[in-house]
Structure formats: structure tokens, C-alpha cells
Peer 1: 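Submitted below is the structure of interest, expressed as C-alpha cells.
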There are 2 protein chains.
Amino acid sequence: MNSQTAPSLADVARHAGVSLSTASRALNDAYGVSAVTRARVLESASALDFVVSPDARRLASGTTGRVAVVVPHIERWFFGQMVSGIERVLSEADFDILLYHVDDAEDRREFLARLPARRKVDAVVVVAFPVGEAERERLELIGAKIIAAGGQSASYPYVCIDDVNAGRLAMDHLTSLGHRRIAMIAGSDPDQPGWPATPGRSRAYESALEALGVSPDPALVRDVDWNPVNAGKAMADILDAAGEPPTAVYAHGDELAFGVLHTLRHRGYRVPEDISVIGIDNHPLAELLDLTTVAQDVGEQGAAAARLVLQALGRAQAEPGAAPGVVAPVHLVERASTAPPRS
Amino acid sequence: MNSQTAPSLADVARHAGVSLSTASRALNDAYGVSAVTRARVLESASALDFVVSPDARRLASGTTGRVAVVVPHIERWFFGQMVSGIERVLSEADFDILLYHVDDAEDRREFLARLPARRKVDAVVVVAFPVGEAERERLELIGAKIIAAGGQSASYPYVCIDDVNAGRLAMDHLTSLGHRRIAMIAGSDPDQPGWPATPGRSRAYESALEALGVSPDPALVRDVDWNPVNAGKAMADILDAAGEPPTAVYAHGDELAFGVLHTLRHRGYRVPEDISVIGIDNHPLAELLDLTTVAQDVGEQGAAAARLVLQALGRAQAEPGAAPGVVAPVHLVERASTAPPRS
DNA sequence: CTGAAAGCGCTTACAG
DNA sequence: CTGAAAGCGCTTACAG
């Protein structure tokens, strides 16, 4: 604290009266250090306020103590939650998190192309976007582990929800209330078409209808880029285009449903009396808007992904019989935006 | 690409037929390398697919190429936006960003205590929380630059909005519509009492009232931890406690206003006919809820903070006559949640 | 303009 | 259980 430069391992070793090697081993919980010696070293280290230089350690040992978290749209609720969950367990395990923001395919390609050569991280968790086979090979060549969160990608460990199942819960709720004429606002990221949630949630819509013998009406379906305002416009569109309005709307996400709610209100429809609305996510504001939804715990998914990282790095035991991936649970949260159709 | 291990500078030097020193200098655009030699080295480097090891470079040169971003509540809109803006300009400048999540005072203390010794970063940007003088000295001792975003802290470069001004814009709007009986839902983070936005935004409330000769009614004011649901409860509280309901509500943030809107609707009050509501932020959902608000561009504040980092590290010129900090602009966005009080 | 050498702060066989 | 030594992949005075 009285020097301009941070204390080094050498300072600690000197202070504790041991060699560099012993100090290093004591600090790293390695075998072959007597309890008393270790205690002495630890004491010296904390007395000197010592923390290893990550660069030196990395250089000498070949491991970085860092993991990259790669996310699109970090300003969006889903991704913030995810990062928060990842950070929580990884920082607990003393890893540093390198945050990379990549939106479109070009960003992604460039990021993945550069990362391996940089040897900056032990692992990378890619949130909600696909990694190609070629890119995967590059990453693995240099020993970086990969984990996918918010979607399943290629063949590495992943955590995600079952989108078909989530969609089915929503649709079943609607159909069991008696709805038959159901609109769908599908979320579809232009930067990653067909990925990740869209196909499953759409399929759930189609099969629910099919099971009822209802043939889907294309006038009742719109793709939206996950922007609430655009979802509102899509809803207006449907109202304008469809001869008869739907009795219910199934949105791929709560943020889309918020836009739907807005348009409905402005058009003078009452929810749920005239039209029911359901979303997916259980966004923090869903409660305030009385939105019925299928809840998922995104923060917990992030934490699970982080645990997968730890396992991949040998820092944690895989749970016995654990699958290569974890499918997070979802459940229906009934609120006041859904009701039987008016008879 | 055919070897298991990445090529090193030594490989490049050998391939180009020069010494390590020359290879290093050529790659770093240093003075004292002939054009032809440099070209040859560059060629070898690209032929071998060489990228410097950041760790080795940093160990040798003493600079990290990383900056820490320290945020509370990263899952919240404001912080996500901020991080997004910071990331955008810093990654552009080839810095890596290390993300640290600290919620309460204890977290903060520990983080700041450990960071210096770690020599992990060239700079740290602290988002929306205070750094004490002692902590600041520690950081500066080891040469880490500090920038504050989303609030002004101690004496380093900062970017924030003028909270008093933002509050005044909101209050002026209300009072100029004719409101006199105005409730306030104040945002107050229990983890950092009195910081950062609360005091200024509250002061604006008080002076606006004072200017009108209205004495503040304590029954009309509540502190809330920025949770929308709790804001709704606080609103209910006010409605229950105050004899006569307010004609308008001033919320310190849009997310608080959302909760207010919810309660008002459930209690059967129409907005704005019965009660007007105004927030601060221009949260993405404010538009959908027709909320009048005072807008700030948080992403741009993040970007500005990042530019301050670059300046502090000598990687960018300070703008001529630039102040030590930047005060981001705010402006009123009138939507349908405010109107004159019923006469 | 170029090279030999020291050193950045650690870890890790290798001996004892 | 402990220490002396080599080495991780670079950068940077210091000489030429």
C-alpha cells in the first residue's frame, strides 16, 4: 500500500519466508504444502493485499481465468437477465467475464474468427445465436469450451427452454378457454432468421390449431422483429386485414404482447372481454399489465449455463447422469388478459 | 492452421528471416524498421495466421487493453442501455470489456478493494454508484483511470444528466397544465441511499411547488426501490392515505410510472382525465403506455463515458475546451398521460 | 535500421 | 513438503 506498484508473488514469498514455488502452490491450493506454510503464505498475501497478475498466470499456465459472453441486443430484458445470471455464478467461481456484443451475422463471423487466435478466454458462452460447424472447430482447436444459452446450437452443452412446449402451454390455455380464431404475432430476428425461438413457438401454434381441426388463417399471422411498437403495428394490420377480428392473440413474447395490448386498447377493444392476449416470458412488466403468459426464468438459465461452463472446465462435477444440456422449465401464469371468447 | 498450437512471434521472425525484436517492431508499427523488412514480416505474419498473445504483450508492456465496467442491477433497462453504449465504442477502439456486477455497498467495497491489486484493467467505469475518496486513491495509485457514468462521483470525469433539470421539466409541464396537488413517487435504491438520481429529482419537486407557493404534502410522497410493482403499491398507499387524491403524479422514472398507471387503472381512475402521470427516462415501453416523460438517451451516455475512457488513456484527443464531464441532454416527450386537471 | 539480452510475474516439472 | 531453474510469448532499452 506504500508502493507505487502492486505487490508481486515474490513480495509475498519474501514476506512469508518461503520460495516462489511454495508461495505459488500455497495460493493455488496445490498439493504438497504443509498446512502451516500455506497459512503463513495466505496471511502474507492478504497482509500485502496481493492478487495474482492474471496475465502472468495465463502466460505461465496457459489458462486465462476468463470467459467470453457473447450476446446480441444486450439492452434487451432477456439478454440482460441472461448475462446477470451468468455473471453471478461465474464471478462466484472467480472467473472474469469478457463481454462481447454482436448483433448480426457479420459481427458474429468476425468475432468468432478473431477470438481463437487471441487466446483470451477459457470458454465462451454464446447467447441465443448459432455457431457454425467450421467456427466451432476453430474454437475447439485452441481448447476453448463452448456453451450455448438461450438456444441449442451445434453439439455443445446448452441451456434453453423447450419452445414448442412453451408455445403449447400458451395455445392450450387459449383453446381450452374455447378460442378458435387465434392470431399469432411471431418474433423473428432479422439478424438470425429462423432462430432461436421462432420455429418452435410457431409450430406449437400450428399443431394446436391442427389438433382442433382449424385451418390456420394467414391473415391472422404476422412476423415481427421483437420490437413492441412493431408488434402493435402488426396487430393493427391484422385487425385491418382480417374480415373478422380474432378472439385471441398469441404473442411469441411478452414484449410483443405489450404492443398488441396497446393497439387493442386504442382500437377500442377490451381485453379480455373482446379479445384475449397471451405472451411468453413473464417479463417484469407483465404483471403490471395483467398479462397472462408462459413464464421462464432467464436469470436461472444464465446461471445454469455458467454451471455448464464450470463443468466443461473441470471446475465442477457434472451432475450424475446429467444430459449434455439443460431444458429449463416453463409454466403458465394466468392473469387478467385471457378469458373465454364472447359467446 | 495445421498445428495444434498457435504460431508465435518467434515463428514469424524465423519465417521472415529477422530477429524477434525486428519482428515485434514491424508488427507494432514502431520506428526504425525499413519498409521492405516490415513488409516481409507482415507477410510472414499473415501467412502464418499470427496474432499476438495479448497476455504476453501485456506482461511485457504493462498495459492491459481492458477496461472494467462496474454496474449494479445489470438486468435493468437503464444499465443494459448503458453497458451497450459503452461496449459499442470501446470495442470499436479494440478494448475488451470486463463486466462486474455489484449490487450493494458491500459488493462495491470488496470489488474496489481487489481490483487495484489485480492489475487487470487500464480503466474502470463505474455506473451509477459512488466511489469514495479512499477507494479512488487506491485505484489511482496503480494508474487505473476512473470514469463515472450515470452519476457524478468524486472528482473524475463523468457523464450524467442534470437531475434537477430533468425533474424541473417534468414538474413544469405539470404545473403549467394547472396542477397544484401533485404526488411524487421517488426512486430510491436501498443499496445506495441518496444516490444518484434521487436528490436532484426530489429537489425539483420541492422547488417547483415552492415557486407556486404550495406547501408539500407529505401524504403525497413515497420512496420506492425502483421496482414497478412497489411503485404501484406506493400509489395505492397514497390514494388510501391522502384525503383527496392528487390531480397528478410525478414519478422519478418511467418504470415507477408504469406501476402508478397500473394502480390508477385498477382503482378506476382514468389517465389523464382524472389523474395525470409523468415519468423520466423514455423507457422503450413508455410509448406503448402513452406515458408523458422526460427523455434521456442512456446508450449515448454510455458511449460518451467510453469516449472519456479513451481520452483518459490518451487514445483520443479531448475536445477543445471540453469540461471534465458531460451533461447529457434531456427533453420533454408529451404523450397522452398528462392533461389539465378537471375543473 | 537491426539484433542479443533482460525482464514482465507467474507456474511447473525436476530434484531433493 | 520445499526450492532452484526453466519457460510462457512478448517488449524494450541497450548496443551496434
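To find a chain, count down the sequence lines: A is the first, B the second, and so on, and within it residues start at 1.
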Peer 1: Might you point out which heavy atoms bring R66(B) and R66(A) nearest each other, and give the distance in Å?
Peer 2: NH2-NH2, 3.2 Å

Peer 1: If we take the C1' atom in both dG16(C) and dT12(C), what is their distance in whole Å?
Peer 2: 16 Å

Peer 1: Starting from C1' on dT12(D), measure out to CG on L27(B) and report it in whole angstrom.
Peer 2: 15 Å

Peer 1: Return the nearest nucleotide to the side chain of S61(A); candidates are dT11(D), dG9(C), dT12(C).
Peer 2: dT12(C)

Peer 1: Nearest to the side chain of R25(A), which nucleotide is it out of dC10(D), dT12(C), dC8(D)?
Peer 2: dT12(C)

Peer 1: Consider the side chain of S8(B), meaning its heavy atoms from C-beta on, and name the nucleotide among dT11(C), dG9(D), dG9(C) that approaches it most closely.
Peer 2: dG9(D)

Peer 1: Of A56(A) and T37(B), whose nearest nucleotide on DNA chain C comes first from the 5' end?
Peer 2: T37(B)

Peer 1: What's the closest nucleotide to the V52(A) side chain, out of dC10(D), dT2(D), dT11(C)?
Peer 2: dT11(C)

Peer 1: Expected output is a numbered-order residue list: members of residues 14-23 of chain A with a heavy atom under 4.0 Å from any atom of DNA chain D. What is it?
Peer 2: V18(A), S19(A), S21(A), T22(A)

Peer 1: What pair of heavy atoms forms the shortest contact from F78(A) to V298(A), and how long is it?
Peer 2: O-CG1, 3.3 Å

Peer 1: How close do L9(B) and F50(B) get, counting heavy atoms only, and between which atoms?
Peer 2: N-CE1, 3.3 Å

Peer 1: Using purine N1 to pyrimidine N3 plus N6-O4 or O6-N4 for Watson-Crick, or N1-O2 and O6-N3 for G-U wobble, both under 3.5 Å, which nucleotide pairs with dA13(D)?
Peer 2: none

Peer 1: Taking atom C1' of dT11(C) as reference, at what distance in whole Å does atom CG of D55(B) sit?
Peer 2: 14 Å

Peer 1: Hey, could you give me the CD1/CG distance between I97(A) and L90(A), rounded to the nearest 0.5 Å?
Peer 2: 5.0 Å

Peer 1: Using the P atom in both, what is the distance from dC1(D) to dA5(D), to the nearest Å?
Peer 2: 23 Å

Peer 1: How are the rings of H101(A) and H73(A) set to each other: parallel, tilted or perpendicular (split at 30° and 60°)?
Peer 2: perpendicular

Peer 1: Can you find a side chain N or O atom of S24(B) that sits less than 4.0 Å from OP1 or OP2 on dT12(D)?
Peer 2: no

Peer 1: Shortest non-hydrogen contact from E75(B) to S84(A)?
Peer 2: OE1-OG, 3.6 Å

Peer 1: Between L9(B) (CG) and dG7(C) (P), how many Å, whole number?
Peer 2: 20 Å

Peer 1: Rounding to an integer number of Å, can you tell me how far R38(A) CZ sits from dT2(D) C1'?
Peer 2: 13 Å

Peer 1: L59(A) CG to dG7(D) P: how many Å, rounded?
Peer 2: 14 Å

Peer 1: What's the shortest heavy-atom distance between I86(A) and V127(A), and which atoms?
Peer 2: CD1-CG2, 4.2 Å

Peer 1: Could you state the atom-to-atom distance from CG of D11(B) to P of dC8(D) in whole Å?
Peer 2: 12 Å

